[in-house]
Enquirer: 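So that we are looking at the same thing, I have put the structure below in structure tokens.
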Amino acid sequence: MIEKNPNFANLSAGYLFPEIAKRRRAFAAAHPEAKIISLGIGNTTEPLTPHIAKALSDYAAGLGTKEGYTGYGDDSAGEPAFREKIAKVLYKGLVEPSEVFVSDGAKCDVGRIQQMFGANVAVAVQDPSYPVYVDGSVMVGAAGHAPKTDAGYGDVVYMPCLPENNFFPDLSVVKPNSLIYFCSPNNPTGAVASKEELKKLVDFANKNDCIIIFDAAYSSYIRDESIPSTIFAVEGAKTCAIEINSFSKPIGFTGVRLGWSIVPSALKFADGTPVQQIWTRLTNTFFNGASNIAQAGGMASLDDEGIKETRELTDFYLENARIIRDALKGENFAKAGVQIFGGDNAPYVWAKFPGKGSWEVFDMILEQCNVVTTPGAGFGPAGESFIRFSSFGHREDVIEATKRLAGLKL
Ligand code: PGU
């Protein structure tokens, strides 16, 4: 038989979220009476908003007519009018339409982007971080060939982001010529990087020939106007950054699937080849463009009515986050010294349970409250002792979950 790609032997057992779902199923099987509520995976729960839903259904109906039918797009990078609208509305002209590449989601683009750099690139990630950055790097062999240890994976450099450093890492640990994954608003900590911090990151990358993969999937949750919603608001970013983004969290397209990446024309590989040229070659080969129906929905989300609906929907989830934060200020949590972070410019609340392990707290909350959360250790070693609470949920479920949390014995 054929040997498997040896990189897969370096992965941790399973992808985090199916692992959590497995534990939830085991608990449900043992306690069939339990009414389990999930504040675990960041999966949107509220219906599509009317204006955007109508755009999807109108486009789908059009596909059933001779005049309205379309097949493959002319360009895998997306409909020209949509690329233009993203550049104009979301970036206020900071990027050119030709730098916008529409995708089927940010997660899919993370996987494709790693292919451009291959196995020989050094990788640095915020610790904790969205597990796809590390798992994806391990799969292409970029993490080196050293297996996982308690301190992390092989050659991947972990940059701890903790309350002690205000969740902004010490960049001096990053080797020159590294790919730096950076997410703001951050999953899982809910922290946002200030303009000064992002400038520090950009200056470091330019000076050390690094490329930043900036994941801005939660930018629509920023309410503090001093926080940049894109890395391209920072001078110098065009020569050192790719931004990935998504319609999943702003407009509930987690199932519809739509995202985009910004690959600046000024970004170059060591031999002078434009990254955009390789990206175009790669996506034209492996990607036939995002769903045309989804693109019609995305387009509608960027007109006045769509922008209003996006704001209302993200406000709804931010209010859930506020309710969760309030619950975590309860007496039982205060007595245990629980510290609360995030949730004001991001849909995640990040809580530290001093002296306790993340999986231990995860099990306590599941067993006593029948609430599913995400253990911080699943996002990296620096996530140990933390729990992530997702604010994606129906309001009544979030309220019920917080009532149960008030009775949690720590
Ligand atoms: N980037 C970040 C930082 C994310 O947290 C997520 C989803 C994505 C990208 C995915 O975006 P798409 O455009 O929908 O592909 N994170 C969720 C869901 C878990 C998962 O496996 O993607 C979470 O709970 O962390």
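Just so you know, ligand 1 is whichever comes first in the structure, and atom 1 is the first atom listed for that ligand. Just so it is clear, the model here is predicted, and its values are computed rather than measured.
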Enquirer: Any luck finding a side-chain donor-acceptor pair between Glu243 and Thr230 under 3.5 Å?
Expert: yes

Enquirer: Can you name the residues that come within less than 4.0 Å of ligand 1, going by heavy atoms only?
Expert: Tyr15, Phe17, Ile41, Gly42, Gly105, Ala106, Lys107, Tyr130, Tyr133, Cys183, Asn187, Asp215, Ala217, Tyr218, Ser246, Ser248, Lys249, Arg257, Tyr348, Arg388

Enquirer: Pairs in or reaching into residues 291-328: which pass ring pair (Phe, Tyr, Trp, His ring centres under 6.0 Å), with residues at least two apart or in two chains?
Expert: Tyr317-Phe392

Enquirer: My understanding is that only residues two or more places apart in sequence, or in another chain, count here; which of them pass side chain to side chain donor-acceptor pair (under 3.5 Å) with Tyr59?
Expert: Thr70

Enquirer: Just checking Lys329: does its NZ atom have more than 12 heavy atoms from other residues, nucleotides or ligands closer to it than 6.0 angstrom?
Expert: yes

Enquirer: With sequence neighbours excluded, give me every salt bridge (charged side-chain N to carboxylate O under 4.0 Å, His left out) pair touching residues 196-206.
Expert: Lys199-Asp203

Enquirer: One thing to verify: whether Glu400 and Lys35 come together as a salt bridge, which I'm taking to mean a side-chain N less than 4.0 angstrom from a carboxylate O.
Expert: no

